[in-house]
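Side-chain atoms are counted along with the backbone in the values below, which use heavy atoms only and exclude waters and symmetry mates. Per chain, numbering begins at 1; letters A, B, ... match sequence-line order.
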Protein chains: 2
Amino acid sequence: MFEEICPSSLLPFRIGGDKWAGMVLRCLEDGPRRYSELRVPLARISPKMLTQSLRSLERDGFIRRTEYAEPVRRVTYELTGLGRSLLEPLRTFCSWAEEHWDELLDARES
Amino acid sequence: MFEEICPSSLLPFRIGGDKWAGMVLRCLEDGPRRYSELRVPLARISPKMLTQSLRSLERDGFIRRTEYAEPVRRVTYELTGLGRSLLEPLRTFCSWAEEHWDELLDARES
DNA sequence: GAGCGTGGTTACCGATTGGATACCGTGGTG
DNA sequence: CACCACGGTATCCAATCGGTAACCACGCTC
């Protein structure tokens with residue numbers, strides 16, 4: 001999903017302290033996701049970093065972690081109101097990046 | 001200038017690799033600035049980091065460095081077109097941050 | 001009871017970041 | 001000559017980042 005288009009080193013912005021946070025947020029756009037569901041689109045992230053990102057986003061109030069009292073273990077992550085409100089400026093930024101992608105690459109090369 | 005309102009550790013986003021880049025860009029909003037002029041509003045940044053931010057922003061094509069062939073040494077930094085275009089999403093983000101400042105603080109505390 | 005999936009944690013370790021501090025060459029100025 | 005401002009560099013060091021790999025408890029299934 002983000003592998004090619006979002007090496008994140010090229011994107012000139014970051015959400016949260018770590019570089020994955022923005023992508024995690026975008027993965028939660030369409031509703032709650034489980035830990036293992038997040039690992040699919042974010043294949044390149046190690047479990048350690050994913051946990052770290054999730055904890056950090058939770059601490060900052062962007063996402064909510066819910067652990068279900070079911071026989072099989074089930075944990076989901078979803079955006080809070082605050083997290084959802086962040087999507088708008090985030091999208092502004094992403095569309096800026098798409099729009100200026102070529103310029104970014106040109107500037108990097110030279 | 002940014003001392004109290006922008007500890008940057010609180011701001012949930014970053015421009016460029018380093019945490020100062022966003023503030024540097026905003027300092028250049030109103031026109032070219034000299035190295036020493038930038039150090040005033042960005043009092044808390046070390047010369048090393050300021051240089052690093054400036055070099056990085058220059059490499060990425062957001063700012064332009066101009067060295068004048070004058071007897072006294074004079075160097076200015078100004079936004080390029082690309083850099084200027086980044087101001088808009090940047091401002092979107094900043095106003096988001098202002099709007100949700102209390103929520104951010106609340107989330108951090110608990 | 002061996003193995004699997006879920007949702008992680010832990011230990012280790014090299015690479016990177018970032019702060020403080022001191023220093024430097026050039027060109028004025030007193 | 002001494003000293004200052006400008007625009008940085010150089011060095012040192014501690015903290016953090018981030019990847020790999022192993023491990024773990026729990027419940028389920030074969």
Query raised in the report: Would a 4.5 Å heavy-atom cut-off, applied to side chains only, mark B:E103 and B:D106 as touching?
Result: no
Query raised in the report: Quick one: A:L42 CG to D:dG18 C1', roughly how many Å, whole number?
Result: 15 Å
Query raised in the report: Should A:R65 be listed as having a side-chain N or O under 4.0 Å from OP1 or OP2 of C:dG8?
Result: yes
Report task. Could you tell me whether A:R39 contacts a base, only the sugar-phosphate backbone, or nothing, with contacts defined as non-hydrogen atoms closer than 4.0 Å? Result -> nothing
Query - More than 12 heavy atoms from other groups under 6.0 Å of CD on B:E88 - result: no
Query - ring-ring contact (aromatic ring centres under 6.0 Å, His included): pairs with one or both residues in residues 63-97 of chain B, sequence neighbours excluded - result: A:F93-B:F93, B:F13-B:F93, B:W96-B:H100
Query raised in the report: Rounding to a whole Å, what distance do you find between B:E67:CD and C:dG27:P?
Result: 12 Å
Report task. Rounded to the nearest angstrom, tell me the gap between atom CD in A:E37 and atom C1' in C:dT6. Result -> 12 Å
Requested in this report: Indicate, with a heavy-atom threshold strictly under 4.0 Å, whether A:Y77 touches base, sugar-phosphate, or nothing.
Outcome: sugar-phosphate
Query raised in the report: Is the backbone N or O of B:Q52 less than 3.5 Å from a side-chain atom of B:S56, with the two atoms forming a donor-acceptor pair by type?
Result: no
Report summary line: Counting primed atoms, P, OP1 and OP2 as sugar-phosphate and everything else as base, the B/S/- map of nucleotides 20-30 of chain D against protein heavy atoms under 4.0 Å is B------SS--
Report task. Could you state the atom-to-atom distance from OH of A:Y68 to C1' of C:dG7 in whole Å? Result -> 15 Å
Requested in this report: Give every residue pair that meets the side chain to side chain donor-acceptor pair (under 3.5 Å) criterion with at least one member in residues 32-42 of chain B, sequence neighbours excluded.
Outcome: B:Y35-B:T51
Query raised in the report: Can a side chain N or O of B:W20 be found less than 4.0 Å away from OP1 or OP2 on C:dG19?
Result: yes
Query raised in the report: Are A:T51 and C:dG8 close enough that a side-chain N or O sits under 4.0 Å from OP1 or OP2?
Result: no
Query raised in the report: Does a side-chain N or O from B:R34 land closer than 4.0 Å to OP1 or OP2 of D:dG8, or not?
Result: no
Query raised in the report: If only atom types and distance count, is the side chain of A:S85 paired as donor or acceptor with the main-chain N or O of A:L82 below 3.5 Å?
Result: yes
Query raised in the report: For the pair made of CD in A:Q52 and P in C:dG8, what is the distance, rounded to whole Å?
Result: 14 Å
